[in-house]
A.B. asks: 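Let me begin by handing over the structure; questions about it come next.
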Number of protein chains: 2
Amino acid sequence: MNVDPIVFAKVLADETRQEIMGHLCCVWLSVGDVVDKLGGKVNQPTVSHHLKKLEEANLVLIRQEGRQRFYTLNQAQLTICCGTLMRAFAPNYADQVIAIEDIG
Amino acid sequence: MNVDPIVFAKVLADETRQEIMGHLCCVWLSVGDVVDKLGGKVNQPTVSHHLKKLEEANLVLIRQEGRQRFYTLNQAQLTICCGTLMRAFAPNYADQVIAIEDIG
DNA sequence: AAATTATATTGATGTCTATCAATATGTCAA
DNA sequence: TTGACATATTGATAGACATCAATATAATTT
């Protein structure tokens with residue numbers, strides 16, 4: 001899938017989006033759930049916008065259920081992207097890290 | 001040092017800056033050297049601007065020599081930041097990665 | 001000291017994007 | 001089919017930031 005470090009970094013480079021990612025870590029949430037978790041910080045269209053960005057970067061898994069869409073973090077993809085960054089910008093240390101993309 | 005994932009991601013989220021990081025990986029270069037490596041893509045003040053951003057994120061090591069300043073990528077810091085991302089957003093995989101901050 | 005070289009800073013400008021209000025689309029219930 | 005609910009899309013706006021030209025600072029040389 002997509003492992004472009006620029007795309008990856010741009011998606012990460014927003015506070016609200018990282019907050020959403022935190023809430024989606026190890027958990028499936030609907031869009032409305034995410035809106036609630038953010039407690040009025042932003043409203044629904046903004047959350048949808050961020051989820052779309054995450055989807056385009058393949059950083060979320062999606063499951064449709066009735067009229068709701070459930071999202072969770074795609075940890076495997078995130079691991080791959082971090083591995084790409086490591087090999088590009090920290091090759092002296094990357095060798096000492098388990099070949100991450102071989103795990104998932 | 002600074003391991004704020006937002007700061008880290010924002011610094012990475014620029015194409016020119018990642019290009020500069022690539023040139024500074026495993027190599028010490030002066031500001032003028034970096035300008036040359038970019039082959040006219042941007043000019044010197046812009047390079048200085050990017051290097052300052054990298055410095056603020058502790059992502060470069062700096063050595064002054066005469067009137068030149070030499071920069072190289074801080075691979076240890078980059079490794080730590082990737083580790084922080086992994087623990088925050090891919091905890092299911094982070095355990096399978098060597099405790100990175102214990103290396104350097 | 002004056003000139004030259006290397007890098008940093010400042011101010012202006014254009015582009016990108018996060019955000020919102022409003023609306024559209026899609027799905028289920030009655 | 002109509003209404004209600006969940007999410008997505010659109011258009012507008014404001015703030016952030018990459019870039020440049022011009023200038024300042026700092027270090028070396030003559």
Side-chain angles (χ1 to χ4, degrees), chain A residues 2 4-24 27-74, chain B residues 2 4-24 27-74:
Chain A
N2 184 4
D4 179 3
I6 293 285
V7 172
F8 178 58
K10 284 193 176 179
V11 168
L12 282 177
D14 180 81
E15 195 179 344
T16 300
R17 207 144 50 214
Q18 278 202 22
E19 204 172 334
I20 291 173
M21 290 173 69
H23 286 122
L24 291 179
V27 181
W28 287 88
L29 292 181
S30 71
V31 178
D33 291 337
V34 175
V35 173
D36 292 344
K37 291 271 183 187
L38 294 177
K41 181 184 183 182
V42 294
N43 49 23
Q44 178 265 318
T46 300
V47 171
S48 282
H49 167 252
H50 287 307
L51 292 171
K52 188 178 183 184
K53 292 278 186 171
L54 290 167
E55 179 181 359
E56 288 167 354
N58 192 32
L59 283 174
V60 285
L61 304 175
I62 305 179
R63 177 162 53 87
Q64 188 99 22
E65 199 147 322
R67 39 190 161 189
Q68 337 196 31
R69 285 185 97 188
F70 288 88
Y71 292 80
T72 194
L73 254 194
N74 184 349
Chain B
N2 185 6
D4 179 3
I6 293 285
V7 172
F8 179 57
K10 284 194 175 179
V11 168
L12 281 177
D14 181 82
E15 194 180 343
T16 301
R17 208 144 50 214
Q18 278 203 23
E19 203 172 333
I20 291 173
M21 290 172 67
H23 288 306
L24 291 178
V27 181
W28 287 89
L29 292 181
S30 71
V31 178
D33 291 337
V34 175
V35 174
D36 292 344
K37 291 270 184 188
L38 293 176
K41 181 185 183 184
V42 294
N43 49 22
Q44 178 266 316
T46 299
V47 170
S48 282
H49 167 254
H50 287 306
L51 291 172
K52 189 179 183 183
K53 293 276 186 174
L54 290 167
E55 179 181 358
E56 288 166 354
N58 193 31
L59 284 174
V60 285
L61 305 176
I62 306 179
R63 179 163 51 87
Q64 187 98 23
E65 200 146 319
R67 41 190 158 187
Q68 334 194 35
R69 286 185 95 188
F70 287 88
Y71 292 81
T72 194
L73 255 195
N74 183 350

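Per chain, numbering begins at 1; letters A, B, ... match sequence-line order.
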A.B. asks: Verify, without hydrogens or angle tests, whether A/Thr72 (side chain) and A/Val27 (backbone) share a donor-acceptor contact under 3.5 angstrom.
C.D. replies: yes
A.B. asks: Pick out which of A/Arg63, A/Arg69, A/Gln68, A/Arg67 makes a side chain to side chain donor-acceptor pair (under 3.5 Å) with A/Glu65.
C.D. replies: A/Arg63
A.B. asks: Rounding to a whole Å, what distance do you find between B/Lys53:NZ and C/dA8:C1'?
C.D. replies: 15 Å
A.B. asks: Starting at the 5' end of DNA chain D, which residue's closest nucleotide do you reach first, B/Gly66 or A/Lys52?
C.D. replies: A/Lys52
A.B. asks: Would B/Leu24 and B/Leu51 count as a side-chain contact (heavy atoms from CB on, under 4.5 Å) if you check the C-alpha gap in whole Å, the side-chain angles of each, and the deciding distance to 0.1 Å?
C.D. replies: CA-CA 10 Å; B/Leu24 291 178; B/Leu51 291 172; 3.8 Å; yes
A.B. asks: Let me know, please, whether A/Lys10 or B/Val47 comes out on the 5' side of the other along DNA chain C by nearest nucleotide.
C.D. replies: B/Val47
A.B. asks: Could you tell me whether A/Tyr71 contacts a base, only the sugar-phosphate backbone, or nothing, with contacts defined as non-hydrogen atoms closer than 4.0 Å?
C.D. replies: sugar-phosphate
A.B. asks: Between B/Pro45 and A/Gly40, name the one whose nearest nucleotide on DNA chain C is closer to the 5' end.
C.D. replies: B/Pro45
A.B. asks: Measuring from A/Leu61:CG to A/Leu73:CG, what's the distance to the nearest 0.5 Å?
C.D. replies: 8.5 Å
A.B. asks: What is the distance, to the nearest angstrom, from the CG atom on B/Leu51 to the C1' atom on C/dA8?
C.D. replies: 11 Å
A.B. asks: OP1, OP2 of C/dA6 versus side-chain N and O of B/Arg69: anything below 4.0 Å?
C.D. replies: no
A.B. asks: Only one of B/Val34, B/Val35, B/Thr16 passes side-chain contact (heavy atoms from CB on, under 4.5 Å) with B/Val42; say which it is.
C.D. replies: B/Thr16
A.B. asks: Looking at A/Asp33 and A/Ser30, would you say the former's side chain and the latter's main chain have a donor-acceptor pair under 3.5 Å?
C.D. replies: yes
A.B. asks: Starting at atom CZ of B/Phe70, determine the distance to atom C1' of C/dA6, rounded to an integer number of angstrom.
C.D. replies: 10 Å
A.B. asks: To the nearest angstrom, how far is B/Asp14 atom CG from C/dC16 atom C1'?
C.D. replies: 11 Å
A.B. asks: May I ask you to say what B/His50 touches in the nucleic acid, namely base, sugar-phosphate or nothing, with a heavy-atom cut-off under 4.0 Å?
C.D. replies: sugar-phosphate
A.B. asks: Whole angstrom is fine here: how far is it from CZ in B/Arg67 over to C1' in C/dA8?
C.D. replies: 16 Å
A.B. asks: In this structure, how many angstroms lie between the P atom of C/dA18 and the CD atom of A/Gln44, rounded?
C.D. replies: 16 Å
A.B. asks: Separation of B/Ile20 atom CD1 from C/dT7 atom C1', in whole Å?
C.D. replies: 14 Å
A.B. asks: Whole-Å distance between C/dC16 C1' and B/Glu15 CD?
C.D. replies: 14 Å
A.B. asks: Side chain of A/Arg17, backbone of A/Val11: donor and acceptor closer than 3.5 Å?
C.D. replies: yes
A.B. asks: Using a cut-off of strictly less than 4.0 Å, decide whether B/Ser30 has a side-chain nitrogen or oxygen near OP1 or OP2 of C/dA6.
C.D. replies: no
A.B. asks: Can you give me the first and the last nucleotide of DNA chain D (5' to 3') that has an atom within less than 4.0 angstrom of a non-hydrogen atom in chain B?
C.D. replies: D/dC17 to D/dT29
